[in-house]
Amino acid sequence: MIKPTISRHQHSAHWGAFQAVVEDGRFVAVEPFQGDCQPSPISQALPDAVYNSARIAHPMVRRSWLERGPGAAPEKRGAEPFVQVSWEQALRLVGDEIERVKGDFGNAAIFAGSYGWASAGRFHHPITLIKRFFNTIGGFTNQVGNYSVGAGLILLPYVVGTTRATGGPLTSWDSIAGNTELFVSFGGLPLKNSQVADGGIAIHTIESWQHRAKEGGVEFVNVSPNREDCADFLEAEWIAPRPNTDVALMLGLAHTLASEGLADQRFIDRYCVGYQRFSEYLLGTLDGTAKNADWAARICDVSAETIRTLARRMASHRTMLNTNLSLQRGDHGEQPFWMTIVLASMLGQIGLPGGGFGLGYGSISGMGVPQTEIRPLRMSTGTRAIDSAVPVARFVDMLLNPGDSIDWNGRTVVFPDIRMIYWAGGNPFSHHQDINRMVSAFQRPDTIVVHEPWWTPMARMADVVLPITTSLERNDIGASTRDRFLVKMEQAIEPVAEARNDFDVFAALAERFGTLEAFSEGRDEMAWLRHLYDTTLQAAQDIGVELPDFDGFWDAGHAEVPAPAEPYVMFADFRADPDANPLKTASGKIEIFSQSIDDFGYDDCPGHPTWLEPAEWLGSSIASDYPLHLLSNQPRARLHSQLDCATVSRATKIQGREPVWINTADAADRGIHDGVVVRIFNDRGALLAGAHVTEAMRIGVLQLPTGAWYDPQEPGVPGTLDVHGNPNVVTLDKGTSKLAQGPVAQTALVQLERYEGPLPAIKAFDPPP
Ligand SMILES: Nc1nc2c(c(=O)[nH]1)N[C@H]1C(S)=C(S)[C@@H](COP(=O)(O)OP(=O)(O)OC[C@H]3O[C@@H](n4cnc5c(=O)[nH]c(N)nc54)[C@H](O)[C@@H]3O)O[C@H]1N2
Ligand SMILES: Nc1nc2c(c(=O)[nH]1)N[C@H]1C(S)=C(S)[C@@H](COP(=O)(O)OP(=O)(O)OC[C@H]3O[C@@H](n4cnc5c(=O)[nH]c(N)nc54)[C@H](O)[C@@H]3O)O[C@H]1N2
Ligand SMILES: [Mo]
């Protein structure tokens, strides 16, 4: 018997670092990074994913488009067969089409914002590469902001002068474990989310930090419609408001503080502006409505007594307030973040060890983990050649309404007329709301080009599909601002079938346009890795951190940045001396009232935090037709839609469909028991999911994770049934407000019933004809 050749290759992904085990040239297994005591199981799906039948083997072109050219039968997108072509022909077709659109309509007609998470490697990062390429040939229409924290990123500079209050570093867990007495978390602290950080996480520590905090005596309150948003070991008190009503709850807490003399007036006077204006609203001086605990109770359906008791407890303890990103991914999503900051200001503990607030402790790995900040490895996207951009989540509005304008953060944005969409590294069917509306929008442009390793729903929607390597098929470096490790991502296997790297595809296109030198700067893969690493090395040296040189790093497989000796406290400098260390806001202080925002005159985002009814919620009139609030949280067994085709994610499905969590009482009302297939619907669409009946959900609230590959019963037809369980079939596509225009995925009312028809087969993972 011949012994197999086995090799191990250091590698990384957004959900963790690992060794790729390769046997006779085939990637067969994943071994967690040494020292990672809580590795994410998501990695285990990789070998299956890499050789999955859903991989794209060859360049493919949609038949009508190939035969009749750009704009042919756009209504057949997603339904028509594809024709295999050579790389040479594919690149010629794409190059010709870019040239035609550029020449006839100008570069703004090319939409290449390409939002998405792609993979962890910072060099083979398609979202950077696509922008870099198009900037060398005259530019493109871009997307600004993100889906994660779209409302927060625009709001926070006005209120605290920095987006770091959500991006981190946040007050570190060692500060919390040693000082916090009460940790109140809106949206909980779900450990499922701390598997993941953008760029990778070598050692998962959030769970052990939570243990340390618990052992240190911290008491937790989980404010969420889902009891399981806090781990059992935290023994958290569970307060379950109606979804999207947290601002009313926070106002009730604030009113209790104000009316019972518990607000820290000295902190407010010294560190904040605009409290007077806000308190007129809070106390109801102008509108006659006091936003007291009784008022709040009627909106959020948490008892007034619970609200008052919590407010008093917060004021008498060292309290950390946390609000997760999910809360600002709803209608008027600016408000929960702003109101959290106002509440923390009234408690007066901002800048004290273990006190104040953080925005996202429960959202992403590395949040609050002690970190020495070094500049992350990053390739430049080049100089913006034209100034054409839309807020990230408004791209469907743009496709449907060219020439229309919208308000956005004090400006007016006019939508360009898009003729070509080019996507590399994202999946709009995973990230965008109201898929049926989006499918109609995707029938507008002449051409859609997609780079993908897998036949995702977005790849199926394209005219030209280019097969891309997975990270296992190339060399790269994983790095994140939220992680202390730089991790080698060594090529483990040869490219599968005809897959090529995004970099090589864009380099080939750049060559055709005569911009190869500007695009590649004469460097190949390894020269780029060396260059990017060396820049980071230099930045680290500048702040006194010694890292090995590139060869030492590559040999070792990783480089570790030491953890800081002292706990970090957000805004400690500002608290110590607000005159010497002012915030970068208009006033230099925390803006409870923002004159700048008020001056915009937006009805949906006034000058101070305000309870504004969401477009859909359990207290609204349409709740009689659609009595259930659907939350679409992040999936525990994958990253968004990534690896949905492979073992780990598929093992979680119920009768092949994504599990929806439903309260026992809601299930009983509908004759539903655990494991049956249900139909979830509203006026926007309908989908099938598998019922997971549980006491952990608040009555009236459903939870269906994002990322199940959209599987339309009639491909290409807007309004058709999705048989697999993608929540975005029923979510609402509107902006949070005229200020941020962020996405509102968490604002959606639906109905649910038992599905009685014959079960349609799952086709999402079969390659298209
Ligand atoms: N495993 C895994 N982890 C991930 C990701 C993934 O895909 N998979 N994605 C990562 C990314 S990109 C991001 S941006 C973060 C996102 O982080 P978040 O947005 O914070 O994550 P979610 O899971 O959507 O929401 C957390 C919890 O908030 C609760 N919640 C939702 N709406 C409300 C509300 O109105 N009020 C209250 N009180 N609670 C509410 C839900 O019960 C939900 O379980 O997660 C990251 N982590
Ligand atoms: N309803 C609802 N919708 C949501 C959310 C929600 O809470 N609820 N959350 C939102 C959030 S926070 C986020 S961040 C988004 C996530 O949305 P996305 O980031 O778009 O989701 P991903 O599934 O990570 O998509 C990344 C795609 O890149 C591909 N890919 C991976 N590596 C490479 C590569 O090297 N090259 C190329 N060309 N492609 C590659 C993957 O196969 C995958 O299809 O979703 C948002 N959408
Ligand atoms: Mo995100």
Side-chain angles (χ1 to χ4, degrees), residues 14-15 40 42 49 114-121 124-127 129-130 146-150 185-198 222-229 239-246 249 300 323-330 336 360-365 393 423-433 450-454 456-459 466 468-471 474 476 501-502 505 614 617 629-644 661 697-698 701 703-707 709 726-728 730-731 743 745-748:
H14 293 300
W15 47 86
S40 162
I42 298 175
S114 196
Y115 177 82
W117 265 53
S119 50
H124 291 287
H125 187 245
I127 294 95
L129 298 169
I130 188 175
N146 63 34
Y147 281 79
S148 309
V149 64
S185 190
F186 294 85
L189 293 165
L191 286 170
K192 68 172 177 68
N193 284 3
S194 50
Q195 295 175 90
V196 168
D198 39 336
N222 173 25
V223 185
S224 169
N226 183 347
R227 191 182 63 208
E228 294 199 5
D229 276 342
I239 295 178
R242 287 167 161 169
N244 293 194
T245 66
D246 301 80
L249 173 57
C300 63
T323 294
N324 283 341
L325 308 191
S326 52
L327 273 85
Q328 55 83 64
R329 227 178 293 115
Y361 279 108
S363 298
I364 299 192
S365 203
W423 223 293
N427 180 3
F429 286 84
S430 157
H431 67 238
H432 196 68
Q433 284 59 65
V450 172
H451 286 201
E452 255 295 338
W454 289 279
T456 63
M458 187 57 189
L466 302 178
I468 300 298
T469 50
T470 67
S471 71
R474 60 204 188 203
D476 213 330
N501 300 332
D502 295 286
V505 176
W617 66 296
H629 194 121
L630 178 77
L631 297 178
S632 42
N633 63 336
Q634 305 295 353
R636 62 189 65 227
R638 56 178 181 262
L639 172 71
H640 317 133
S641 69
Q642 297 195 38
L643 314 189
D644 191 39
W661 287 24
M697 292 310 297
R698 187 198 141 93
V701 185
Q703 192 149 293
L704 176 65
T706 59
W709 288 11
N726 185 320
N728 280 324
V730 291
T731 54
Q746 307 307 335
T747 299

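Only a predicted model underlies this, so the values are computations on that prediction, with no experimental measurement involved. Whatever order the structure lists them in is the order used to number ligands and atoms, beginning at 1.
Under 4.0 Å from ligand 2, heavy atoms of Ser119 appear from its side chain as well as its backbone. When heavy-atom distances to ligand 2 are checked against a 4.0 Å cut-off, Asp502 comes that close only through its side chain, counted from C-beta outward. Here Pro453 has side-chain heavy atoms under 4.0 Å from ligand 2, and that is the only part of it that gets that close.
With rounding to the nearest 0.5 angstrom, the CG atom of Asn728 is 10.5 Å from the OG atom of Ser641. Interatomic distance, Leu643 CG to Trp454 CH2, rounded to the nearest 0.5 Å: 5.5 Å.
The closest donor-acceptor contact from the side chain of Ser185 to the backbone of Asn222 lies at 3.5 Å or more, if one exists at all. Looking at Asn324, its side chain never comes within 3.5 Å of a backbone N or O of Leu189 through a donor-acceptor pair. With Asn226 contributing its side chain and Arg698 its backbone, the two residues share no donor-acceptor pair below 3.5 Å. Listed for the Gln703 side chain is no donor-acceptor partner under 3.5 Å among the backbone atoms of Met697.
Between His451 and ligand 2, at least one N/O pair is under 3.5 Å apart. Between Pro428 and ligand 2, no N or O atom pair is found at a separation short of 3.5 Å. Residue Trp454 has no nitrogen or oxygen atom sitting less than 3.5 Å from a nitrogen or oxygen atom of ligand 2, judged on distance alone.
In the vicinity of Asn728, heavy-atom distances shorter than 4.0 Å reach the ligand 2 atoms 1 (N), 2 (C), 3 (N). Taking every non-hydrogen atom of Gly426 and a distance limit under 4.0 Å, the qualifying atoms of ligand 2 come out as 20 (O), 25 (O), 26 (C), 27 (C), 28 (O). Annotation for ligand 2: atoms under 4.0 Å from non-hydrogen atoms of Thr456 are 44 (O). In the vicinity of Tyr115, heavy-atom distances shorter than 4.0 Å reach the ligand 2 atoms 13 (C), 14 (S). Taking a cut-off of under 4.0 Å to the non-hydrogen atoms of Asn427, the atoms of ligand 2 that pass are 20 (O), 25 (O), 44 (O).
Near ligand 1, Trp117, Ser148, Gly187, Lys192, Asn193, Gln195, Val196, Val223, Ser224, Pro225, Asn226, Asp229, Pro243, Asn244, Asp246, Asn324, Leu325, Ser326, Leu327, Arg329, Ser363, Ile364, Leu631, Asn633, Gln634, Pro635, Arg638, Leu639, His640, Gln703 each place a heavy atom less than 4.0 angstrom from the ligand.
Looking at heavy atoms from C-beta onward, Asp246 lies in side-chain contact with Pro241 at the 4.5 angstrom threshold.
Using a 3.5 Å distance cut-off with no hydrogens or angles, the side chains of Thr747 and Asn244 do pair a donor with an acceptor.
Using a 30° and 60° split on the angle between ring planes, His432 and Tyr147 fall in the perpendicular class, above 60°. Using the six-membered ring where Trp is involved, Trp117 and His640 have ring planes that are perpendicular, over 60° apart on the 30 and 60° scheme.
Residues Gly425 and Pro126 share a closest heavy-atom pair of CA-CG, 3.7 Å.
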